[in-house]
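Following: one structure in structure tokens, then a few remarks.
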Amino acid sequence: MGKLENFGKSALEVGRKIHGGAKDAVERARMLGRDVAQSETFINASEVVGKWKDQKVEDFKDWKDQAKDSLKIQTVEKWRMLTDRGLDNCLINLKDQDIKKVESEMKGVEAEIAGLKKEEGTIEASVDKINNPEMKRLLEQKTSDMKAKLKERLEYLEQTQMQELRDRKDKYLEEKESLNGKVNNLEENFSGRIDGKIEDIKNRYGLQEKIEDSKRLGEDIGNLRTSIKDSEKSLAEDTKTFSELRKHLTGSDLKDLDDMLKKAGNELRENKRELFRKETAKNKLDQQVETINRKTGKWEKMKDKYGLGNKNEAASSTARPQENPSGNLWNGVSEDEYVDADMETMKKIEDLCLYRNSSKLQGNFNEIQQSVKQLDVNNPVRKLVEKMGTPKDMKASMLKIRNFVRTVKEAYE
Amino acid sequence: MDATTNQINDDKKKEAEELKARLNSLTDDIVKKREEFKKNTDSIAEKIENEPKIIEEEAGEEAEIEKMEKEIDSESNAVITELVDKE
């Protein structure tokens with residue numbers, strides 16, 4: 001009886017264990033069935049592609065609308081949509097957003113793949129735990145259909161959907177690169193042409209020569225004026241001496257001195273006329289210089305308006321400090337550290353330029369002027385801001401600085 | 001005429017001669033200065049007279065800028081249209 005009782009207990013225990021394993025496996029299978037059932041809605045490939053296309057159309061609707069609308073807006077605004085990466089609606093930024101969206105979708109699909117694989121592994125591990133062959137056969141039969149569907153879903157996700165997403169991402173990257181190239185070419189083209197116009201005007205009318213002539217005349221005027229004053233003083237003294245002497249003089253002495261005083265007076269008047277001629281010539285020259293500057297100023301203004309200032313200067317400069325003769329250190333700091341410090345300051349300047357609120361403009365500009373002092377003396381941004389002084393059009397200048405900082409930063413990178 | 005009067009006359013005559021010398025020198029200096037500075041003025045004045053009429057050409061700049069702005073517009077449109085067409 002005791003043996004039978006023990007056998008019975010053991011059999012019960014084995015039965016319990018089998019039942020427990022089977023229960024666990026059934027629960028896993030049930031969960032897998034739920035996942036597979038959810039996945040089934042996506043399994044039809046054409047349906048999935050259709051949804052993807054709908055989503056794609058939706059994603060690009062805004063983008064296309066903005067792009068189309070941009071054709072109707074003012075030239076300068078349109079230009080900024082193409083070139084000003086600081087703007088939310090800049091077309092290159094929108095391409096970046098597209099890329100980010102695809103990357104996010106890819107992460108979602110990767111997570112789904114990882115989840116399904118984990119679940120598949122868990123089911124198999126649970127089935128493996130079952131020792132009873134009959135129970136195992138039954139469970140394998142029950143889960144095989146689900147596993148087939150799961151496999152199909154995984155294959156679709158890995159081979160079709162991920163590939164489509166990768167293709168989309170490649171396409172966007174290619175488009176972004178192409179757009180960047182086109183925009184850079186346009187900027188360089190127009191910036192170069194405007195610079196050419198400015199140089200042409202300066203050369204055509206000999207601006208530099210006029211400035212030098214005006215300076216030379218200015219010096220002459222100053223010297224001649226001093227000379228006239230000195231001569232006037234001497235002549236006044238001599239006239240006074242002559243007045244005192246004349247009662248003591250007679251004949252030719254009196255006449256000679258009288259004639260000589262008159263002659264000196266006449267020559268002095270002639271010098272005053274010469275001074276007047278010089279002043280007139282200088283005024284005329286200065287007016288011409290002003291006119292030439294007004295002409296070049298119109299092109300400069302256009303450069304500012306379209307944010308084309310110093311594009312070529314920045315592009316041609318590597319903006320990296322040269323190695324000093326002693327090696328790879330610059331004032332005791334490695335070149336990388338040196339560049340990093342400049343990059344950080346330039347980032348700060350770029351941010352300061354973003355505040356277009358008129359009440360903050362002056363304050364931000366003052367801070368920019370202070371910040372550039374932390375940059376290397378050869379840094380083109382520092383040179384630009386220092387050359388700028390206090391601009392009349394603060395807003396346009398901020399835009400100019402920001403575009404320039406961006407170009408220099410790209411050169412540093 | 002006593003000796004004192006003669007002495008005074010001699011002094012005045014001497015003063016008159018000195019004044020003549022000073023006036024001669026002053027006149028020479030005035031003329032020299034004018035001639036010296038006149039050279040610059042004449043060459044510059046000549047250049048100014050031969051300059052093209054800058055002011056008359058002022059309007060040309062506006063037209064050129066307008067033309068370039070139209071080019072910017074057209075080039076921007078081309079890029080945007082190409083982008084939209086690709087989608």
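Residue numbers begin at 1 in each chain, while the letters A, B, ... track the order of the sequences. Hydrogens, waters and symmetry mates are skipped; everything else that's a heavy atom, side chains included, is used.
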Which atom of [X] lies closest to which atom of [Y], heavy atoms considered:
{"X": "Ala264(A)", "Y": "Thr27(B)", "value": "CB-OG1, 3.4 Å"}
{"X": "Lys12(B)", "Y": "Leu249(A)", "value": "O-CD2, 4.2 Å"}
{"X": "Ala281(A)", "Y": "Ile48(B)", "value": "O-CD1, 3.6 Å"}
{"X": "Lys38(B)", "Y": "Lys278(A)", "value": "N-NZ, 4.1 Å"}

Q. How about Arg216(A) and Ser43(B): do any of their side-chain heavy atoms sit closer than 4.5 Å?
A. yes
**Q.** Side chains of Asn223(A) and Lys33(B), donor plus acceptor under 3.5 Å
**A.** no
Q. Looking just at side-chain N and O atoms, do Glu64(B) and Trp299(A) make a donor-acceptor pair shorter than 3.5 Å?
A. no
Say you draw a straight line from [atom1] of [X] to [atom2] of [Y]; how long is it, rounded to the nearest 0.5 Å?
{"X": "Leu23(B)", "Y": "Thr239(A)", "atom1": "CG", "atom2": "OG1", "answer": "7.5 Å"}
{"X": "Glu75(B)", "Y": "Phe190(A)", "atom1": "CD", "atom2": "CZ", "answer": "4.5 Å"}
{"X": "Lys13(B)", "Y": "Leu245(A)", "atom1": "NZ", "atom2": "CG", "answer": "11.5 Å"}
{"X": "Ser214(A)", "Y": "Ile44(B)", "atom1": "OG", "atom2": "CD1", "answer": "8.5 Å"}
{"X": "Leu257(A)", "Y": "Arg22(B)", "atom1": "CG", "atom2": "CZ", "answer": "10.0 Å"}
{"X": "Glu69(B)", "Y": "Thr75(A)", "atom1": "CD", "atom2": "OG1", "answer": "6.0 Å"}

**Q.** Asn271(A) side chain vs Ile30(B) backbone, donor-acceptor pair below 3.5 Å
**A.** yes
Using heavy-atom distances under 4.5 Å, tell me whether [X] contacts chain B through its side chain, its backbone, both, or neither.
{"X": "Ser178(A)", "result": "side chain"}
{"X": "Ile228(A)", "result": "neither"}
{"X": "Leu275(A)", "result": "neither"}
{"X": "Phe242(A)", "result": "both"}
{"X": "Lys197(A)", "result": "side chain"}
{"X": "Leu268(A)", "result": "both"}
{"X": "Glu267(A)", "result": "both"}

**Q.** Arg294(A)/Glu61(B) salt bridge by N-O under 4.0 Å criterion
**A.** no
Only pairs of heavy atoms separated by less than 4.5 Å count here; which of [options] has the most with chain B?
{"options": "Glu244(A), Lys182(A), Arg273(A), Lys282(A)", "answer": "Lys182(A)"}
{"options": "Leu82(A), Leu235(A), Asp238(A), Leu254(A)", "answer": "Asp238(A)"}
{"options": "Leu285(A), Val183(A), Val76(A)", "answer": "Leu285(A)"}

Counting only non-hydrogen atoms closer than 4.5 Å, does [X] touch chain A with its backbone (N, CA, C, O), its side chain (CB onward), both, or neither?
{"X": "Asp28(B)", "answer": "neither"}
{"X": "Glu17(B)", "answer": "side chain"}
{"X": "Leu26(B)", "answer": "side chain"}

Look at atom [atom1] of [X] and say whether more than 12 heavy atoms of other residues, nucleotides or ligands are closer to it than 6.0 Å.
{"X": "Glu35(B)", "atom1": "CD", "result": "yes"}
{"X": "Glu270(A)", "atom1": "CD", "result": "yes"}
{"X": "Lys263(A)", "atom1": "NZ", "result": "no"}

Q: Given side chain to side chain contact (heavy atoms under 4.5 Å, CB included), test Lys78(A) with Asn77(B) step by step and report yes or no.
A: CA-CA 8 Å; Lys78(A) 193 188 301 179; Asn77(B) 280 351; 2.7 Å; yes
Q: Taking side-chain contact (heavy atoms from CB on, under 4.5 Å) as the test, write out the residues that go with Lys169(A), two or more places apart.
A: Ile99(A), Val102(A), Glu103(A), Met106(A), Leu173(A)
